[in-house]
Number of protein chains: 2
Amino acid sequence: MQPVRIAGVGLTPLGRHPSRTGRDLFGEAAEAAFADADVPRADVDRLCLGNFVGDVAENQGHQGPLMADAAGITAPATRFENACAAGGSAVRGAVRSIRGGDADVVLVGGVETLTDLGTPRATEALAMAADDLFESRIGVTFPGAYALMARAYLEEHGGTREDLAAISVKNHANAVDNEYAQFRREITVDDVLDAPTIADPLGLYDSCPVTDGAAAAVLVSESYAAENDLSAPVNVTGSGQGGDSLALQDRADLTRTPAAERAAADAYEEAGITAGDVDVAEVHDCFTIAEVLAIESLGFYDSGGGIRAAADGETTADGARPVNLSGGLKAKGHPVGATGVAQLVELTRLLRGDHPMSDAVADASVGVAHNAGGTVASAVVHVVEVDA
Amino acid sequence: MQPVRIAGVGLTPLGRHPSRTGRDLFGEAAEAAFADADVPRADVDRLCLGNFVGDVAENQGHQGPLMADAAGITAPATRFENACAAGGSAVRGAVRSIRGGDADVVLVGGVETLTDLGTPRATEALAMAADDLFESRIGVTFPGAYALMARAYLEEHGGTREDLAAISVKNHANAVDNEYAQFRREITVDDVLDAPTIADPLGLYDSCPVTDGAAAAVLVSESYAAENDLSAPVNVTGSGQGGDSLALQDRADLTRTPAAERAAADAYEEAGITAGDVDVAEVHDCFTIAEVLAIESLGFYDSGGGIRAAADGETTADGARPVNLSGGLKAKGHPVGATGVAQLVELTRLLRGDHPMSDAVADASVGVAHNAGGTVASAVVHVVEVDA
């Protein structure tokens, strides 16, 4: 199959944008991606877009053609929705499109506006990623669902709230120099432990924020990159997706995320790598426990073995395999439908050497993006590699 | 590229299902498709799902894994959303997946529940397919938008309300024997002309109904069909997609639908056919004028030349090239996210010879499905062909 090159990437500042629409944010991210890519808009063959709850947040469905308009392109557009894995699903659609020979140039992007809803309505909107009949209606929100997973994990494998807090501390530290991050300040383990409890054992600082923002990337075929003499040293070499029952009640085990395990296995196989080859990862840390489950599902640790990775310094910026150098969802922010695309943006810059945290991975050649939807009922994993 | 075979198809009765959820309906359609296909669920590699406004209608996003659960499969699932072209977009995703070698067996489906919302809220939900800022907020609903297109067309090319009415009369006549259709009764031109005006010049009987329902199809690779000795005589041989500005105000010409023209051109090229080769078509007649624009965009008529096709008997069941033998959206019903998949279901049965209207196309070998989103800001066209 054809390799897929990342010609350019763009991101808006992530955070609160109360006066801006989704189309406005996406136009900015796309503009940045085109400027970075040096690819003319007229060459774009299609747009793959991730968005989760635009219907609710802006009364706006059918965002594919709307965001094509905002990006200044006329190509056919499709929205991919897999809850918080919408962005990763759009990336997968774009990669498949180029690999299948349908397109030479694909704009992939994601966008979400949530903060205008206010926390109660945003929480309700996000809960649409869970099973309305068997979860949301009986009061399960996402902090609650992940708290159930955290409890099961800690009971089964041990580990402490301090171990979880170390993940949040790490991700906040990583975000300090990230100009796009929502929270650019360090916090301490005590800050995390002392913060209000949201859903026991998870507190406010175990949880990612509600975020507005957009991300975009211009993906091109190997042949297009060569013909146009593009500088596009980072490639998507593997893509995998997994699925699981939507409702937690239907899962055999709350301490593992088999959808992500499958996505990782398929992505690694396609790329011809193993977990041991991965130098750096951006993973879906919507809650601290989610990062633990993510790094285990990616095969960096056995099940039950990842809880102390941050506390022991293995996944910190100066660790052997840094995780969420961007700040992750926790500190960079979680613009839901854009998150999976933003992960690709961060990894591209990290591996190209133009990210504020690139020095932490100066010798890195292989990165992995892990994007999850709901309680990992959907998972998408991509492997990216930089030319030697 | 690998051909894609349609191993089995399933449909729920279309209409009002006030006591049923989307998952319930989709489970029934999937069950029918698997029974028809004689393919074990365990062989399914992925689910491609079309759904438009589940977030609003059932507070339910993330319907990919939910509908996988309902269908009794564990494969990775993705929701495709392009407003009323969601189903066709899901079909396209499924076809691409098999052609690209990612999957041998894909369940493609669509589902929508709308009638429980009641007409005012359903109308608002459907309006999310238009531009919220520049159309919906100033009162443009879909009957209004298509009325603008109808006025422009009739002013530019001539034609009468009677010509439009003939389309509705034809589609109602076709639906009489369709056991899945919402309206199984004939109507007259006078019925259409005498019905209440919805948005001048369109009346109630120029407009498709609000519909609940689900559709599913099991698509397989040529090699899977051969290895498993499946009877799957109908193939998808071409797939095309086009896009346009979301808002009508940004279009150069309201009397044409270039997104559909492009989708058709690409699908025909892929299939190696021309418009003249098409024997039968299922097109997106959300309003009578939409069928006119559809058959022109498919190249059956020049722009301005399709207005009398039904009145002149060219697209009736006994005409040279029947259009909407199922009854179309007008009489079969329009379960939005399922509509594009339902078109594939109808064409498959028509070409296999097991549709109540198969006698009308006994010698047919090539069918086309035309599925549109919004005011054709999205369009997806598929060509299907039956083995000789």
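Below, chains carry the letters A, B, ... as their sequence lines are ordered, and counting in each starts from 1.
- Chain B forms more heavy-atom pairs under 4.5 Å with one residue of A:E124, A:R262, A:R137, A:Q60 than with any other, namely A:Q60.
- Residue contact with chain B, scored on non-hydrogen atoms closer than 4.5 Å, involves the backbone and the side chain of A:L133 alike.
- A salt bridge is defined here as a Lys NZ or Arg NE, NH1 or NH2 lying under 4.0 Å from an Asp or Glu carboxylate O, and B:D131 with A:R23 meets this definition.
- If you tally non-hydrogen atom pairs under 4.5 Å between each of B:L66, B:D266, B:T78 and chain A, the highest count goes to B:T78.
- Crowding of B:Q249 atom CD: a count of heavy atoms from other residues, nucleotides or ligands under 6.0 Å exceeding 12.
- Remark: the backbone N or O of B:V56 is not paired with any side-chain donor or acceptor of A:D55 at under 3.5 angstrom.
- A:D69 and B:L246 make their closest contact through OD2-N, 2.9 Å (heavy atoms, listed as atom of the first residue, atom of the second, distance).
- Just one of B:E81, B:H62, B:Q63 meets the side-chain contact (heavy atoms from CB on, under 4.5 Å) condition when paired with A:E81; it is B:H62.
- Residue contact with chain A, scored on non-hydrogen atoms closer than 4.5 Å, is absent for B:N51.
- Interface remark: of the candidates B:G93, B:S378, B:A75, B:S378 forms the most heavy-atom pairs closer than 4.5 Å to chain A.
- Heavy-atom distances place no part of B:S97 under 4.5 Å from chain A, backbone and side chain included.
- A:N59 approaches B:M128 most closely through the heavy-atom pair O-CG, 3.4 Å.
- For A:A77, the part lying near chain B is the backbone, with the side chain staying farther off; criterion is any non-hydrogen pair under 4.5 Å.
- Between chain A and the residues B:S245, B:S89, B:A247, B:G64, the most heavy-atom pairs under 4.5 angstrom are made by B:S245.
- Heavy-atom pairs under 4.5 Å with chain A peak, among B:S136, B:A259, B:A130, B:P76, at B:P76.
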